[in-house]
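Note that these values count all heavy atoms, side chains included, but never hydrogens, waters or copies made by symmetry. Residue numbering restarts at 1 for every chain, and letters A, B, ... go by the order of the sequence lines. What you see is a predicted model, and the numbers here were worked out from it, not measured in a lab.
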Amino acid sequence: MRLAVATWNINSVRLRIRQVARLLSRHAPDLLCLQETKCPDERFPRAEFEQLGYPHIALHGQKGWHGVAVVSKHPFADVARHRFCDYNDARHVAVTLERAAGLAKALTLHNFYVPAGGDEPDPETNVKFAHKLAFLDELASYPATRAAKAGSHALLVGDLNVAPLEHDVWSHRQLLDVVSHTPIECEKLRHAQRAGGWRDVMRAFVPEPAKLYTWWSYRAPDWKKADKGRRLDHIWASPALAGAATKMTIARETRSWQQPSDHVPVIATFEI
DNA sequence: ATGACCGACCATGTCGGA
């Protein structure tokens, strides 16, 4: 079967529900993972997703900020939410699709919103950066987020808030001291990827040294002209599933829509 | 300076994003 999975930091799901609908009608992924829903679970726009053909919804939200969600055409056999770093700050939700969904194997999907980390890349003076580093360490050691589990497929997607490779940013040299591309974050993210046995699906389609971005600052007067982007959003897959990937799309067009999110969707398709 | 912004909230400024 064909399975398409999308991830998008929507920066308020209530504000941009029409844009989500437009993306779903245009790309029709089987599952959509959202970050920064900024929405308590009881105010999540469920009815809109049901109408769009996504009646299966897993939420981990809270009032005002952060928050993640998975909406799906297929039912979930299980939903899990993990509190990283002992904070209850709505940064993770996982769903499992059973073989009943048409899959030869069960599939577990983790959806993450990794802490941004504040301005100053010093864990001694910036508690937000210390939190981000601790979160990445926990991601590397958390057994549930290991890809290599016999007999099942796994995906780890989301806004990981790190652009780990040299060509994941517009200027490697100029961003070495900028949170999201400092060497310690990049190393910790790459370590988590290795430790979990994950494959980078996006870079399998667009290897370095090609530039690859999913985020452009709101502050640039003309984001497309400046093109000072970063690859903060990621799709990782377990090895067998990565080998079954047939397509990867960065839906850049959404960045030009009216009142856009500063992140754009990433969509991966698998033939399994 | 990449940066001239953007969203939620018991709002009219503050916090967080990155």
* N or O in side chain of A/Gln259 less than 4.0 angstrom from B/dG7 OP1/OP2 -> yes

* **Lys/Arg N to Asp/Glu carboxylate O, A/Glu187 vs A/Arg190, below 4.0 Å** => yes

* **Integer angstrom distance from the C1' of B/dA18 to that of B/dC6** => 12 Å

* To do: Report which part of the nucleic acid A/Asp262 touches: base, sugar-phosphate, or nothing (heavy-atom distance under 4.0 Å, all strands).
  => nothing

* A/Tyr113 vs B/dA18: side-chain N/O to OP1/OP2 distance below 4.0 Å -> yes

Result block: side-chain N/O donor-acceptor pairs under 3.5 angstrom for residues 20-32 of chain A, not counting sequence neighbours:
residue : atom : partner  : partner atom : Å
A/Ser25 : OG   : A/Ala21  : O            : 3.2
A/Ser25 : OG   : A/Arg22  : O            : 3.1
A/His27 : NE2  : A/Glu253 : OE2          : 3.3
A/Asp30 : OD1  : A/His74  : NE2          : 2.9
A/Asp30 : OD2  : A/Ala4   : N            : 2.7

* Asked: Reckon A/His66 has a side-chain N or O less than 4.0 Å from the OP1 or OP2 of B/dG17?
  -> yes

* **Quiz item: cation-pi between A/Lys228 and A/Trp170, 6.0 Å / 45°** => yes

* To do: May I ask you to say what A/His181 touches in the nucleic acid, namely base, sugar-phosphate or nothing, with a heavy-atom cut-off under 4.0 Å?
  => nothing

* Does A/Lys38 put a side-chain nitrogen or oxygen below 4.0 Å from OP1 or OP2 of B/dC6? -> no

* Asked: Do any side-chain nitrogens or oxygens of A/Asn9 fall under 4.0 Å of OP1 or OP2 in B/dA18?
  -> yes

* **Under 4.0 angstrom between A/Arg230 side-chain N/O and B/dT2 OP1 or OP2** => no

* **Ring centers of A/His110, A/His92 separated by less than 6.0 Å** => yes

* Please determine if a side-chain N or O atom of A/Asn11 lies less than 4.0 Å away from the OP1 or OP2 oxygen of B/dG7. => no

* Under 4.0 Å between a side-chain N or O of A/Arg173 and OP1 or OP2 of B/dT2? -> no

* Identify whether any heavy atom of A/Phe129 sits under 4.0 Å from a base atom; if not, whether one sits that close to sugar-phosphate; answer base, sugar-phosphate or nothing. => nothing

